[in-house]
Chemist: 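Next up is a structure, given as structure tokens.
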Amino acid sequence: VINFHHCLYRDQQNSWARVVLQRNSFCFCSVEKVISYECCPGYEKVPGEKGCPAALPLSNIYETLGVVGSATTQLYSDRSNLRPEIEGPGTFTIFAPSNEAWASLSAETLDSLVSNVNIELLNALRYHMVNKRVLTDDLKHGTTLNSMYQNLPIQIHHYPNGIVTVNCARLLKADHHATNGVVHVIDKVISTTTNSIQHIVETEESLETLRAAVAASDLNSLLESEGQYTLLAPTNEAFEKIPREMLNRILGDPEALRDLLNHHILKSAMCAEAIIAGLTMETLEGTTLDVGCSGEELTLNGKPIIANKDILATNGVVHFVNELLIPDSAKTLFELAQESEVSESMNLFRQAGLSSHLTGSERVTLLAPVNEVFKDKRPTVDSNMRNLLLNHIVKDQLSSKYLYHGQKLQTLGDKELRVFVYRNNLCIENACIAAHDKRGRFGTLFSVDKMLTPPSGSVMDVLKADHRFSTLVAAIQSAGLMENLNRPGTFTVFAPTNEAFQAMPQGELNKLMGNAKELASILKFHMADEILVSGAVSALVRLKSMQGDKLEVSMKNHVIHVNKEPVAESDIMATNGVIHAVSSVLQPQASRPQERGDEPADPALEIFKQASALSKRVRVSVPPSLLFPFAAPVYSRLLARMKENSGGF
């Protein structure tokens with residue numbers, strides 16, 4: 001087990017050693033990591049022996065400082081006259097800055113300390129001390145220790161990843177025992193903390209815009225209250241990077257502004273050392289920020305934006321950021337779309353003159369097809385397209401997690417849309433949600449996988465209006481199923497086209513058309529009493545037909561198949577169901593086609609009369625010989641008889 005500050009283990013010789021992971025401060029981003037092994041405190045190596053088998057006698061704290069690599073702290077203890085105290089009797093803990101920590105101080109700060117060693121330097125060192133022995137097991141997260149300088153508090157954070165910080169200085173080497181206490185080595189020189197987060201905001205020149213925003217949103221009391229917070233403080237520069245129109249809108253909207261600021265406040269104090277790549281941090285708004293890497297820089301939500309870190313306050317810590325982290329809840333629908341794969345859709349809404357619905361205070365939900373939908377062809381925006389786009393805007397601001405099966409949604413185009421909940425998908429009519437919804441200030445964005453088709457008429461209305469299904473419509477009427485498909489319901493119909501009937505063997509067709517009961521059974525085998533859109537099909541769905549047998553519906557190469565037959569066109573939506581056009585007549589497993597005589601029964605004659613009449617109504621100017629090429633020789637005589645009886649088509 002490797003911990004970031006110290007780990008102990010026994011080797012086979014029962015001697016103590018320690019594994020130390022040396023790394024760059026703040027994150028692991030593209031920085032070489034070196035694992036080194038060193039003796040644990042109080043042990044040393046013996047030539048020819050493994051590990052660190054030799055125990056050393058304990059020394060006082062002053063002598064121990066030189067042993068643990070904090071010679072500069074030892075030197076300054078001598079100069080400030082602290083040495084007699086830490087050599088003498090008592091029990092102390094000292095958080096000793098490493099030699100590198102002292103060297104990293106600015107020349108001005110270091111000069112102010114060493115120029116007045118008996119006061120400034122001595123007080124600084126005593127602030128690093130506690131008047132009792134404190135081991136790492138005692139360093140609990142969120143606790144404070146009273147220092148030996150005016151009892152001012154030292155803040156301790158012990159994070160789940162093993163990192164321990166002292167006033168946000170990382171613990172490098174821990175638990176070095178001495179005769180009169182214990183020494184911990186830290187990576188910074190810590191200073192006293194007397195100001196709240198609010199005081200830092202009020203006094204820092206680079207936070208002037210933030211200061212005004214905090215006052216306008218009434219967050220002053222929170223930032224000066226007791227507690228432990230982290231403020232990711234946007235600088236003036238960060239606010240200036242935002243488009244002026246967007247910034248003015250947010251600053252002028254108290255709710256959006258409060259969401260924006262709460263998105264920059266974490267629920268706990270997070271020192272920079274604890275913010276590592278892969279971490280997810282929860283904000284006061286309830287959203288999360290993802291920590292990542294860009295080269296050697298730490299990123300928040302993909303942006304390397306941290307400019308200044310670890311400004312410690314009495315109630316938390318402040319990190320300056322040079323870009324605003326704008327939550328979805330403060331954005332318009334157009335702003336949400338900029339970070340989603342729906343830019344082509346948004347261009348269509350703009351061209352259709354519908355921008356006002358997506359940028360104002362109207363509460364709506366936008367069903368925006370993803371860019372992939374338009375990869376082959378981008379539709380022309382005319383009056384029909386504008387009406388269709390209006391039906392992609394749903395009245396009211398919705399959340400997908402509250403949608404339920406059968407729910408009805410009203411659009412701005414005055415259409416009613418249905419919600420379908422499947423095991424693997426959530427769909428609105430034929431369009432299924434392709435990504436997590438984004439909830440903005442007034443609108444919610446649903447990215448969907450196709451252009452939505454609002455239903456228009458019942459299943460029978462749709463079939464009658466499409467000349468491809470004239471034979472099917474005649475068969476449905478003959479089988480007595482028309483009334484069923486006109487009533488309210490939830491039907492799925494795999495609708496054979498005229499070509500599907502034409503492709504049937506002559507004998508099989510004779511039998512089917514001459515037997516009304518068998519015809520009804522076959523047609524019911526093409527129907528189910530539940531709506532199944534293509535988006536609900538991933539691998540295999542077994543759908544019970546109205547005939548009783550199961551239909552096997554699958555997806556192969558992005559094409560829906562039923563009983564292994566490809567669907568010619570899917571998702572033709574109706575008010576009481578969905579139609580999928582198929583190019584073959586499906587047969588139940590037990591069906592066995594048989595040849596029969598050359599004269600069809602009367603029901604077949606009636607079916608062809610109906611199909612002929614339907615063809616005339618939809619203005620199909622196709623000669624009967626082409627419309628029914630399977631008619632010879634049996635049906636040539638049938639057609640001749642129909643002409644005699646009815647005076648021709």
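Atoms considered below: every heavy atom in the structure, side chains included; atoms not considered: hydrogens, waters and symmetry mates.
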Chemist: Using the side chain to side chain contact (heavy atoms under 4.5 Å, CB included) criterion, which residues pair with Arg244? Sequence neighbours excluded.
Modeler: Leu247, Asn248
Chemist: Would you give me the side-chain donor-acceptor pairs under 3.5 Å for residues 216-227, sequence neighbours excluded?
Modeler:
residue: Ser217; atom: OG; partner: Ala213; partner atom: O; Å: 3.0
residue: Ser217; atom: OG; partner: Val214; partner atom: O; Å: 3.2
residue: Ser225; atom: OG; partner: Leu222; partner atom: O; Å: 2.7

Chemist: Using a strict 4.0 Å threshold on nitrogen-to-oxygen distance, state whether Arg441 and Glu255 make a salt bridge.
Modeler: yes
Chemist: Do Phe92 and Asn180 come within less than 4.5 Å of each other through their side chains, counting heavy atoms only?
Modeler: yes
Chemist: So, do Val183 and Phe95 sit near enough that their side-chain heavy atoms are less than 4.5 Å apart?
Modeler: no
Chemist: Please identify each residue that fulfils side chain to side chain contact (heavy atoms under 4.5 Å, CB included) with Ser329, with sequence neighbours left out.
Modeler: Asp259, Glu285, Pro327
Chemist: Using a strict cut-off of less than 4.0 Å between a Lys/Arg side-chain nitrogen and an Asp/Glu carboxylate oxygen, indicate whether Arg249 and Glu335 qualify as a salt bridge.
Modeler: yes
Chemist: Do the side chain of Ser340 and the main chain of Val342 share a donor and acceptor less than 3.5 angstrom apart?
Modeler: no
Chemist: Just verifying a value: how many Å separate Leu261 CG and Leu284 CG, rounded to the nearest 0.5 Å?
Modeler: 10.5 Å
Chemist: Could you tell me which residues satisfy ring-ring contact (aromatic ring centres under 6.0 Å, His included) with Tyr76, sequence neighbours excluded, listed by chain and number?
Modeler: Trp102
Chemist: Determine which pairs satisfy ring pair (Phe, Tyr, Trp, His ring centres under 6.0 Å) with at least one residue from residues 213-239, sequence neighbours left out, and list them in order.
Modeler: none
Chemist: Do any pairs count as a disulfide bond (SG atoms under 2.5 Å apart) and have a residue in residues 98-189, sequence neighbours left out, and if so which ones?
Modeler: Cys168-Cys271
